[in-house]
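Single-structure report; data block below.
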Amino acid sequence: MSAQPEEIERRWTGASPIRSGIVAPHAEPVVPLMNIANILTMLRIALVPLFVVALFVDGGHDPAWRIIAAALFGIAAITDRFDGQLARKYGLVTDFGKLADPIADKALIGSAVIGLSVLGDLAWWITLVICGREIGVTLLRLAVVRRGVIPAGRGGKLKTLVQSLAIAVLLLPLGGWLASAGMWLMYVAVALTVLTGLDYVGQAMRVWFAGGPGRTRGA
């Protein structure tokens, strides 16, 4: 059987089946930037300044505004729960999402603990530990990115969950044992923050010494 003119042209020019009007069965679909996962991430970023404003209205101790601030924080924290799941489940992972999602997380948690410390509701050493850990992990990630990728572990997810719960309780105008419960939750969050940070350092060292340029570890 003789080759058709179109087939001969593809052989000599290297034209792809897609350009020739034929869709290859293994072609990967293009993920749109404005998908539901990225929209939720951008919503979380947009809620951060609104949360900060609500937290500091009337000196930061008006019960109604503290409830509003806690509600905004809760909504933003919930979007963090779902955007990653939606992206992985429906194949909506994008480079923008990989960059924006951790930025949104750090902006939300960081603004909350700094705001609570400014208002005198949270010791500054706790805020420094939490923010210092996040900055240190970010620098480590940049240092080893060419040698390997460190997957997110369950400890890190648990740390974020406990941090969010503790912050939400401390934002609410509570007293007595409920306020004490919020502080104990925060102490647990600090312990998880330190432990997961040390674990990340260990993983980064293993990637640095065992991995080579261009090698990656499974995410």
State plainly whether one hydrophobic cluster holds both [X] and [Y], where clusters connect Ile, Leu, Val, Met, Phe, Trp and Tyr through side-chain heavy atoms under 4.5 angstrom apart.
| X | Y | value |
| --- | --- | --- |
| Leu128 | Leu198 | no |
| Trp177 | Val188 | yes |
| Leu140 | Ile135 | no |

Nearest 0.5 Å, what's the [atom1]-[atom2] distance between [X] and [Y]?
| X | Y | atom1 | atom2 | value |
| --- | --- | --- | --- | --- |
| Met186 | Leu116 | CE | CG | 7.0 Å |
| Ile167 | Leu172 | CD1 | CG | 12.0 Å |
| Tyr200 | Lys159 | OH | NZ | 11.0 Å |
| Arg44 | Asp105 | CZ | CG | 4.5 Å |
| Leu72 | Leu171 | CG | CG | 10.0 Å |
| Leu192 | Ile130 | CG | CD1 | 10.5 Å |

Considering all heavy atoms, the nearest [X]-[Y] contact:
| X | Y | value |
| --- | --- | --- |
| Gly182 | Leu170 | C-CD2, 3.9 Å |
| Trp208 | Ala143 | CZ3-O, 3.3 Å |
| Leu185 | Val162 | O-CG1, 3.6 Å |
| Ala168 | Ala70 | O-CB, 4.3 Å |

query = Is Arg66 salt-bridged to Asp121, going by a charged N under 4.0 Å from an acidic O?
reply = yes
message = Please check this pair: side chain of Ser117 against backbone of Thr127, looking for a donor-acceptor N/O pair closer than 3.5 Å.
response = no
inquiry  = With a 6.0 Å cut-off (strictly less than), is the heavy-atom count around CH2 of Trp184, excluding the residue itself, greater than 12?
reply    = no
key: Audit row: Val118, Phe56, side chain to side chain contact (heavy atoms under 4.5 Å, CB included) steps and yes/no   = CA-CA 10 Å; Val118 170; Phe56 283 96; 3.8 Å; yes
ask   = Hey, does Leu139 have a side-chain heavy atom less than 4.5 Å from the side chain of Glu134?
value = no
Test item: Asp199 and Leu195 side chains (from C-beta on) under 4.5 Å apart, heavy atoms = no
Ring geometry between Trp125 and Tyr187 (parallel below 30°, tilted from 30 to 60°, perpendicular above 60°) = parallel
message = Can a side-chain donor-acceptor contact be found between Arg133 and Thr193 if the only test is distance below 3.5 angstrom?
response = no
task = Mind running side chain to side chain contact (heavy atoms under 4.5 Å, CB included) on Val53 and Leu50 for me, showing each step along the way?
result = CA-CA 5 Å; Val53 170; Leu50 297 179; 5.8 Å; no
ask   = Can you check side chain to side chain contact (heavy atoms under 4.5 Å, CB included) on Leu47 and Ile75, steps first, answer last?
value = CA-CA 8 Å; Leu47 284 174; Ile75 293 171; 3.8 Å; yes
